[in-house]
Colleague: 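After the structure tokens below, expect a handful of questions from me.
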Amino acid sequence: MFSLTSADIDAIRLSAKVALAATVVSLPFGIAVAYVMSYCSFRGKTFVEVLLNLPLTLPPVVIGYLLLLLLGKKGWVGGLLDAAGIRIIFTWYAAVIASAAVGFPLLVRSIRIAMDSIDGRLIQASRTLGARWSDTLATVILPLSLRGIVAGSSLMFGRSLGEFGATIIVAGNIPGITQTIPLAVYDYVSAPGGEGAALALCLVSAGLSLLVLFFHEYLARRMARRD
Amino acid sequence: MFSLTSADIDAIRLSAKVALAATVVSLPFGIAVAYVMSYCSFRGKTFVEVLLNLPLTLPPVVIGYLLLLLLGKKGWVGGLLDAAGIRIIFTWYAAVIASAAVGFPLLVRSIRIAMDSIDGRLIQASRTLGARWSDTLATVILPLSLRGIVAGSSLMFGRSLGEFGATIIVAGNIPGITQTIPLAVYDYVSAPGGEGAALALCLVSAGLSLLVLFFHEYLARRMARRD
Amino acid sequence: MELRVRGAKTFGAFHLAADFTVEGNRIGIFGESGSGKSTLVNMLAGLERPDSGEILLDGEPLFAADRRINVPPERRRVALVFQHPHLFPHLSVRGNLLYGWKRCAMANRQVGLDDIVDVLKIGRLLDRGVTNLSGGEKQRVALGRALLSNPRLLLMDEPLSALDDTLRFQIIPYLRGACEALAIPYLFISHSLVEMRLMAERVIVFSQGCQVADTTPDALARNRMGDSPVGYINLLRLTDPCDNDGLISYAWGGTRLFLTAPPGEGELLFELSSKDMILCKKHPEAISARNLFHCTVIGIFEAGRKAGVELQCGTGRLVAEVAAEAARELELTVGSEVFAAVKASAFRRLG
Amino acid sequence: MELRVRGAKTFGAFHLAADFTVEGNRIGIFGESGSGKSTLVNMLAGLERPDSGEILLDGEPLFAADRRINVPPERRRVALVFQHPHLFPHLSVRGNLLYGWKRCAMANRQVGLDDIVDVLKIGRLLDRGVTNLSGGEKQRVALGRALLSNPRLLLMDEPLSALDDTLRFQIIPYLRGACEALAIPYLFISHSLVEMRLMAERVIVFSQGCQVADTTPDALARNRMGDSPVGYINLLRLTDPCDNDGLISYAWGGTRLFLTAPPGEGELLFELSSKDMILCKKHPEAISARNLFHCTVIGIFEAGRKAGVELQCGTGRLVAEVAAEAARELELTVGSEVFAAVKASAFRRLG
Amino acid sequence: GELNLSAAASLKDAINELSAVFVQKHPEVKIARNYGGSGVLAKQIEQGAPADLFISANPEWLDYLRERKLVESATIGTFAYNTLVFAGAAKQQAAGMNDLPKLRKIAVGSPRSVPAGEYALEAMRKAGIEKELAGKLVMAKDVREAMKYAELGEVDGAFVYRTDALLLGKQAKILFVVPEGLHGRVTYPLALTVAGAKKKEARGFLRFLRSVEAKRILVRYGFAVK
Ligand SMILES: Nc1ncnc2c1ncn2[C@@H]1O[C@H](COP(=O)(O)OP(=O)(O)OP(=O)(O)O)[C@@H](O)[C@H]1O
Ligand SMILES: Nc1ncnc2c1ncn2[C@@H]1O[C@H](COP(=O)(O)OP(=O)(O)OP(=O)(O)O)[C@@H](O)[C@H]1O
Ligand code: MOO
Ligand SMILES: [Mg+2]
Ligand SMILES: [Mg+2]
């Protein structure tokens, strides 16, 4: 019904790669941050809280600009990397970073909701049975917040698949290199008569997130408490 | 330090209004959908699941176009409303609908994580004490998923404050009428020398979400299990 | 109350097959761990759907597989006290207690908050949350919550196991009394034979998913000593309490009984197990038992290794049990005169 | 083991002030609901931080407010069986059981899975998840999990209240034996005086946050005899059963007792309530009670309206209870000789 | 009465001033302005969004509406012209199209969605350097973004409109004007919509836009008017 051009296929491959990379890279940080926010109390927690929510509240365009300023040649990080010969802007790494920035609050929030609902007695039980906090984290807290981790990851993956505003600014819209599905779709719908191709790409995108969803359900079912 | 023009103040007022309205309007639906997805099993559940996640996965631009097609004069819904003399496109209602569409998956997911972690025995207890399912929903399930509801609402509020891609398409970018903070910020950053004003608006936006966050924390603390 | 249960339920390797009819208001369910007791009460409360069969409460079907009837839990008016308290964490103790009460039709509200609070000794907890209550405090609140819902049938799944003896035996008479006064029949699950004897008039014994006996708590107690004879609970209606040098004396059968139980109003119902009576051929001159009746044997029946002895004491009648060997030795026959010794503490007040 | 606890903790209106030192390996904690028992064990396990004071286990400080020592729970090697099982829902029964075992240094692993599984009768559950276990099954797994962690001190907070009597009294000797064999000292919280007497050699009694007594389980039982509807429970270890004309006779205290209970292997544990004994000054010549001991009074204690009478019967000792009035009337004093009559059916086998 | 404008985003500043001047003369008129990409605007109009006057950044989208009979053919005209230039850091050595292959990165508007990008690509094709530049192009969402890249030094230069380049800060300047012959003329067409043609105010505003006064303002913003 719809035919995909090779550029489209590049976009699909890239989108999947970016979304996956953003999710995988963010996961450990997301878990760590959620753990700290759920179980530790420290000065300036509110400030961290605000910082964590900022990427959600700011328009993606702004995030894009901020990342551009940060990662650009003259930026703090970009300057250092530039000195080391590494360029981020206009590469697919930039798309990963943009997606990660935009999706991070979603990931952390999901994991926190799950962690907050773990029965504290179970944690205490594992401690009295000789588990250190890191051990308890790995063998009790993480398995019991798996639902939230999986849900958060799939939110993040989905959001990454749809991320447009920040990506187009830091990664550019370079076909075959940084043009993800949303950017390609934007291009299509901006020209008269591109609707069909745009729809095809959207369907693929929905299919990808469906895949992740099934994987999610599968995991949820596997870890469902046994009889 | 920064001075806000009257158009900026309009944008701020409008953004707050839109984000609040989107959150408030979506909340009952979000709760209902989360409840159904958590506690009922029916044919086609997977399909609904996919549908629910779609707005997350699709680029906001696409959502904007789809809403435009739906709510436009020739669209299903828009046609009906047009016959009734109601226009949605280019009004702040359109901005509310766009924000609601984009934030809905976040809301539902947060509430679901919370609902899934309610001890089934409590629900059973309330049933045996004479509560019908609607009563149980109101007096047990909702209070116990309040954390998730509040978290979801603040995610949704934050996302609404930052929503750009879908809003600009269905609501247009009309200063004083549909120009929300992200649209104004976009206008500023795309013109040279507008960075200061853009930054000011972003700070206001962050401030708004901070307010919601404090409200959230306050609620969370108030409903924290008492001694 | 008449309860008819015919239902099967399979969980993996575990198979429950209940098929019994009980009448009465104080039913006990007894059985080893994992025998299906909790599963049974869940089915009665409507929380677990039987695979097949039917459940009738006073003739009204709560569940009937063939007629596709499955009354939802909230319309059964069957309250359940779980093995664990399962209190609502977002409500205060008061909120928990009143949860069922508020949902109970005005006409059925026979028991109120104040009555319950006193008996369960939870007055000072009322405005607290439930999360940090001690184990026993939680269980008492759960009990109060179920009672305040004024149910038609109360199911209790080991409700007292978290309580200390003093509290337990303070609560039991009330629990039983309240249920009797309000005509709330109950099903009581317990591992404790003492509790069972105090709470139940009839016991269904479960083992591996099947009821293996339908008996009395007393018989069950003897059964568990490996003995089969049927016990007998003497019911005595005592009147006119007088304080009598530390003991209370009551009028009964033309004589006076001495009890340790505190006095009460009007006619009081006590039970005396046939186990708690010792028979002597001659008057034992100095005996610690505070009650010594001179009785006439009016009947003897065999019950396994034991003999049941029906006695006429004044105008009252009592049944005692003795070892068969003792019956021979004492040459008990109809018409023999014997002395029956009963300790002041052997009488148990009902209600 | 020597345990020194001096610690205070305040929760709103509740104030715990513990200050005691116990030596011994089998310590009981007894107290009414809400008296602070669970709070105490939480402090010992390191789950609740005392507001002040110190906790020393065998001289080693686990907590010392002034020295800012607060050993984290996992390094205390103090295992805790909670009032509720709190099993890990994501692990199988086996996974739960082995959780602590895997975290225990090789050198300390003295007890293994197989030993535990047999005794707790949970072999067929090993590969199941824990969510749908019955109440008793869960509690047994929790007990096994704690034992398998091979702790230096085992805290048990009403661990047996979800178990039926048979299982309970089967588990008790093992639990005690295992702890003794492995030299695991324990602190045992229970509401049951019988459990306490079987498990503890010394009891700390709590009331409203303070220890009010440091006593033996036996003394405690006597103390509370007056309030308890079941009286003081004498525990008898009987041996050498012989069938004896319908009854079973057992050897005890240099004499033989006649019981209706069927014979069993080895030494058997029975309970006899002080309420089931009747004392006579003179030999009642023909009496239905199958056991008549000639005893010497070796002690009398008051218990409310009743008197407890300690008797020496051959080499055995028993406690009977009589109305205070009866004690006077029978002129019971230390050294008096009395006859104690006990029915064959009054003995109850434990386990 | 009320007047609804839908105009390409790059015209924002000029139109803001134009409408301010018009409203001064006709205080009874209120003008609501909606700026966006031409495609978005066209689709909004197609779906019944209130618009009386449509100013597009390229003829395609106006044609799109004309085909659908949503604009009054008689009112179609040209609003203004623009000029494609190449802007970059002041120190950059690029004086013509043939110097471009020496540069490392060049920003253009995404050709499918940004008319300026399309013109730029056409110019590169005609100049015969399309292949050489293939890996060096960064496709920006719009002209302003391309300019921003140049300003920040992320790219060596960008194809932008003269009107945009005039707003550049000190970091960048116009390096050269792309020769007219290399691409079609950059035209902003305009038309009244069917609804707008019926409005007196709309016809009045259209007349004003064609006035000398309006053209003077447009020239000040860097547009060409003939
Ligand atoms: N949903 C379930 N899935 C699988 N097995 C179950 C389920 N519910 C109960 N069982 C099993 O059925 C058996 C009976 O359980 P039930 O809870 O009725 O026992 P119980 O008599 O109440 O025992 P206890 O005295 O220990 O509470 C147990 O072996 C239990 O593990
Ligand atoms: N975190 C807390 N906050 C407030 N009150 C508490 C907290 N923990 C315990 N309490 C109160 O302290 C008292 C002692 O509680 P604890 O759990 O130690 O009692 P317990 O002796 O174990 O009782 P039970 O036999 O009923 O389990 C109770 O009244 C309880 O409500
Ligand atoms: O809301 Mo966005 O800027 O289209 O990702
Ligand atoms: Mg059970
Ligand atoms: Mg406790």
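Just so you know, these numbers use all the heavy atoms, side chains as well, and skip hydrogens, waters and symmetry mates. These numbers were taken from a predicted model, which means no experiment stands behind them.
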Colleague: Atom CG in D/D157, atom OG in C/S134: separation rounded to 0.5 Å?
Modeller: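 D/D157 atom CG to C/S134 atom OG measures 9.5 Å (nearest 0.5 Å).
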Colleague: Shorter than 4.5 Å, heavy atoms on both sides: which option in C/A341, C/G136, C/C280, C/A340 has the most such pairs with chain D?
Modeller: C/C280
Colleague: When rounded to the nearest 0.5 angstrom, what distance separates OG in C/S33 from CD in D/Q139?
Modeller: 10.0 Å
Colleague: Holding to side-chain hydrogen bond (donor to acceptor under 3.5 Å, both in side chains), I want the full list of residues that pass it with C/E329, two or more places apart in sequence or in another chain.
Modeller: D/R290
Colleague: Quick check on C/E158 against chain D: is it the side chain, the backbone, both or neither that has a heavy atom closer than 4.5 Å?
Modeller: side chain
Colleague: Is there a donor-acceptor contact under 3.5 Å from the side chain of D/K343 to the main chain of C/E321?
Modeller: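 Checked: pair present.
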Colleague: Below 4.5 Å, heavy-atom pairs only: which of D/S190, D/G135, D/A327 has the largest tally toward chain C?
Modeller: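 Of D/S190, D/G135, D/A327, D/G135 has the most heavy-atom pairs under 4.5 Å with chain C.
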Colleague: Heavy-atom pairs under 4.5 Å with chain C: which of D/K37, D/R124, D/E331, D/M277 has the most?
Modeller: D/M277
Colleague: Between C/E137 and D/G34, what is the shortest heavy-atom contact and its length?
Modeller: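 Scanning both residues, the minimum pair turns out to be OE2-CA, 3.7 Å.
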Colleague: Rounded to the nearest 0.5 Å, what separates atom CD in C/E32 from atom NZ in D/K121?
Modeller: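 The NZ atom of D/K121 is 10.5 Å from CD of C/E32, to the nearest 0.5 Å.
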Colleague: Please indicate whether C/Q208 has more than 12 foreign heavy atoms, meaning atoms of other residues, nucleotides or ligands, lying under 6.0 Å from its CD.
Modeller: no
Colleague: As an exercise, state the distance from CG of C/D276 to OG of D/S273, rounded to the nearest 0.5 Å.
Modeller: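 That separation rounds to 9.0 Å.
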